[in-house]
Amino acid sequence: METPLAFPALHASHAGIWMGSNRGQVQTIGKGEAAGRAAETPMIMLNAPLVAQRLGYADLSGLDLLELYAFVYPARFAVPTPKGLAKALDLTAPTTDQDVPQFLILAARKLLSVLVDPSWAEREGAWDSAQALMRLRWPWANLVLAQLKKPERPERWLFSRLPEWEEAPPRTPPRVVTLQAEAVQQRLAALVGGSAETRQGQRDFAQAAANIFAPRTRKGEPHMLLAEAGTGIGKTLGYLAPASLWATAADGTVWISTFTKALQRQLVREAKRIYPDHETFKSKVVVRKGRENYLCLLNLEDALQGGFAGRAAILAHLVARWAAYSHDGDMVGGDLPGWLPTLFRRNGSTALTDRRGECIYAGCPHYKKCFIERAARSSVQAEIVIANHALMMVNAARGRDEQNRPSRIIFDEGHHLFDAADSMFAAALTGQETIELRRWVIGPEGKARGRRRGLSARLADVASYDEEGGLAIEMARLAAEALPAEGWLARLSEGTPSGPVERLLAAIRNMVFARDETNATEGGYGLETELADPDAAVVDAAADAAIALEALARPLTVLGQRLEAMVADPPDWLDGSARARVEGAMASLSWRIDTVRSWISMLARAVGPVDPEFVDWLAIDRFEGREMDIGMHRRWLDPMKPVAEIVLKPSHGVLATSATLRSGGDWKNAEARTGAVHLDRPATHFSAISPFDYTAQAEVLIVTDIKKGDPAALAGAYASLISASGGGVLGLFTAIRRLRSTYARIADRLARDGLPLYAQHVDPIDTGTLVDIFRDDPHASLLGTDALRDGVDVPGHSLRLVIMEQIPWPRPDILHRARRLKNGGIDFDDRIIRAKMAQAFGRLIRSAGDKGHFVLLSPAVPSRLLSAFPPGTPIRRVTLEEAVNSVKTGLPPVTEFRQETDDRLEESNPI
Ligand code: SF4
């Protein structure tokens with residue numbers, strides 16, 4: 001059934017603006033007129049923030065089809081473009097910009113007609129949700145309610161509809177088993193599929209991986225394998241074969257940790273081959289992420305009951321619709337459309353997760369339905385847990401559950417382990433960090449809203465039962481008043497800091513401004529200086545701040561001891577749920593005590609000797625000239641040291657693998673970057689080169705006539721190459737500033753030729769969705785920075801040219817300088833650069849059928865860096881004109897190409 005809709009539709013791209021009426025007329029209009037008409041009449045549009053940006057009119061609002069889609073199909077995937085929506089709704093996609101407005105009207109009708117379809121699967125809860133959305137003046141509410149029939153019986157509220165998780169008995173330790181080579185190969189063959197041929201490299205890889213499951217011979221000495229497997233080896237199935245075999249035979253759990261969401265999704269797909277039955281899969285395979293990824297039901301309830309206002313409240317209701325149909329409640333990279341929060345300019349979405357460690361565990365009315373608790377429990381019983389490096393590090397450092405610590409671990413994308421550890425074991429004594437602690441201890445002050453509660457409110461029953469515990473809470477509350485409070489940044493810039501920690505931050509700010517030497521090149525961005533020879537003001541303020549922090553650490557420690565004693569010798573009132581709450585409080589308390597202790601030891605460095613294990617510096621974080629945070633930072637010189645102690649040594653078997661594990665260096669480099677160097681039992685090594693024919697499938701072009709520091713020439717080069725390729729380009733930048741300036745210069749021009757250009761840091765769309773859009777349209781191109789260099793998996797024609805704007809030199813900051821000094825100077829830099837170039841090149845050829853060019857815009861690339869590319873890849877130094885011609889011509893068919901390549905290689909000998 002079709003639904004009459006009287007509203008016009010608006011479509012804006014870089015090529016122009018079109019408005020269509022419901023009678024079928026379409027006209028092109030100017031930006032000013034479009035903004036004016038949209039202010040008078042609600043218009044149907046697709047992705048209002050994106051349309052607003054194209055119009056240059058930030059306040060644009062209207063009937064956004066994506067919001068309606070999220071209401072009708074809450075947890076279903078759709079690429080947020082006319083083509084993507086057409087696919088999701090089974091409509092014919094428009095072929096030109098001019099056709100889009102009529103398509104939008106058609107899509108709106110189709111979505112509204114679903115509401116009266118008796119087979120609509122997501123009906124439950126829709127009526128109540130639409131009523132609430134009407135009260136919030138959601139633009140679609142009237143149209144939706146005109147279609148919906150009031151349910152005959154009242155519907156269950158979301159919080160009663162969600163299933164409860166069940167407590168399972170503790171798992172017995174895994175059995176001792178030895179995997180037979182033949183069984184591993186049989187399992188691999190079964191996973192690869194009867195008709196497909198397993199490759200020798202993959203078979204060897206599986207066999208090598210099986211060795212990490214051998215029984216351990218000495219405590220603290222795991223079997224560790226470092227395996228570099230070129231793209232296309234099929235390493236995922238290669239390690240899943242022995243891992244699944246061991247997990248079943250030993251009744252144990254294997255943790256597989258990735259760095260990117262793309263690989264995490266791929267692993268889920270591949271793991272389905274092991275457990276094809278859906279129910280078995282659900283019980284055997286669990287995806288785990290950090291708790292900040294999941295919806296917190298208590299925060300959602302607060303938002304639905306008036307904690308959020310305006311647009312944020314509308315988002316909360318659409319998220320509640322989604323929560324009822326979500327597979328696992330994962331808001332970041334799960335089945336919540338990545339574009340949904342950006343439609344609301346991310347307003348409110350982070351407040352729906354548990355970002356600040358406010359969880360009250362068993363004290364929460366939704367504890368038994370909590371998505372986070374359910375995921376944690378399922379992983380105890382699972383055979384395969386798919387996690388990420390960040391979660392592995394957090395669990396290791398702050399894990400509450402000693403018994404269920406991962407004992408067999410596979411780190412895929414192992415070249416990122418170092419960076420994950422580096423962030424996890426970093427310490428920062430800054431304004432933002434300290435004010436967070438103040439809020440955690442004291443709770444809301446002044447006009448603060450929300451459900452956050454301070455320590456004394458959270459532990460009121462403890463305080464009334466245990467006098468010493470109650471006193472410790474009160475002392476901690478008083479001591480926390482020495483920490484920065486709301487408005488600290490303004491007070492610092494006005495020269496009126498309040499309290500010892502704000503005075504320290506003020507002294508740091510003065511010292512950084514006085515000593516920073518980077519401002520000349522990066523105006524408006526971060527400033528920093530070494531913590532060496534600090535001036536007297538910093539030394540005095542550090543001593544006072546250390547006293548204030550000690551005064552806070554002491555009562556927190558006493559409180560922790562009182563809680564421990566209470567759990568050891570429980571009073572009558574401490575029933576199961578109160579106990580779980582107290583244990584939850586103990587875990588978050590010990591994390592805070594560790595944080596305060598690490599701050600005190602950083603301050604000791606300010607007034608005392610250097611600790612050679614750490615790099616310390618002072619910094620002012622700025623964004624476009626605005627100060628965001630100020631403070632003191634500390635990193636391990638080698639963050640893999642703590643990882644080796646708390647992750648590697650306690651485990652029985654570890655595999656670290658990646659296509660670029662040696663990061664352009666040797667095995668020594670891989671050992672250092674994975675922490676294997678700190679083990680007593682040496683790690684074993686395995687390598688298999690990619691089966692792809694890089695000589696035929698790819699060509700590297702080094703463009704030598706684009707001068708560095710010429711934004712017009714850089715943009716011109718991108719435009720010519722994207723035009724020559726007809727789109728399908730991934731453009732990588734090392735600086736957001738240059739990305740934005742290139743985008744601004746070329747997006748309109750390309751759009752007029754039917755070549756849409758998208759960009760990270762410009763388009764109001766999250767990175768995952770940008771990649772989905774890029775993948776879906778072979779004429780689209782995408783510009784981005786680091787996250788795209790290593791997180792994009794786009795096999796096939798959609799990605800046929802990668803452009804790198806220059807050699808990816810490491811940022812010459814204080815931390816880099818310290819590590820460079822320790823690790824071999826220029827060789828260290830070269831390894832980093834080669835690794836980045838190899839990762840970028842790795843985006844190009846993802847399957848045996850892929851072909852494409854890799855263009856590096858740099859007048860002088862030292863030959864020693866070219867080993868970043870796989871052996872056999874043709875490399876030429878060319879002018880832009882030659883590069884454009886090569887891209888336009890494309891790579892010849894494989895047989896002719898081989899001959900030509902041989903000739904060319906000889907010409908290219910100087911490289
Ligand atoms: S248990 Fe914690 S994370 Fe889960 S819903 Fe309750 S407060 Fe939120």
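Computed from a predicted structure; not experimentally measured. Note that ligands are numbered from 1 as they come in the structure, with each ligand's atoms numbered from 1 the same way. We use all heavy atoms of the structure for the numbers below, so side chains are in, but hydrogens, waters and symmetry mates are not.
- Salt bridge absent: E436 and R592 never bring a charged side-chain N and a carboxylate O closer than 4.0 Å.
- The contact set between ligand 1 and L298, taken as ligand atoms under 4.0 Å from a residue heavy atom, comprises 5 (S), 7 (S).
- Distances from atom 2 (Fe) of ligand 1 show that C359 has an N/O/S atom below 2.8 Å.
- Side chain to side chain, W322 and D335 meet the donor-acceptor criterion of an N or O pair below 3.5 Å.
- Residue-ligand proximity: K369 is placed with every non-hydrogen atom at 4.0 Å or more from ligand 1.
- Listed by number with element, the atoms of ligand 1 under 4.0 Å from a non-hydrogen atom of C296 are 3 (S), 5 (S), 7 (S), 8 (Fe).
- Contacts between E373 and ligand 1, counted as non-hydrogen atom pairs separated by less than 4.0 Å, are absent for every part of the residue.
- Environment of CZ in R161: crowded, with over 12 heavy atoms of neighbouring residues, nucleotides or ligands closer than 6.0 Å.
- The aromatic rings of F411 and H389 sit perpendicular to each other, their planes meeting at more than 60°, with 30° as the lower class boundary.
- Listed by number with element, the atoms of ligand 1 under 4.0 angstrom from any heavy atom of I372 are 3 (S).
- Below 4.0 Å from some heavy atom of C370 lie the following atoms of ligand 1, by number and element: 1 (S), 3 (S), 4 (Fe), 5 (S).
- Using a 30° and 60° split on the angle between ring planes, Y367 and W165 fall in the perpendicular class, above 60°.
- Interface of R291 with ligand 1, defined as ligand atoms under 4.0 Å from a residue heavy atom, comprises 3 (S).
- The side-chain contact (heavy atoms from CB on, under 4.5 Å) with N388 is formed by just one residue from the set Q264, H416, M393; it is Q264.
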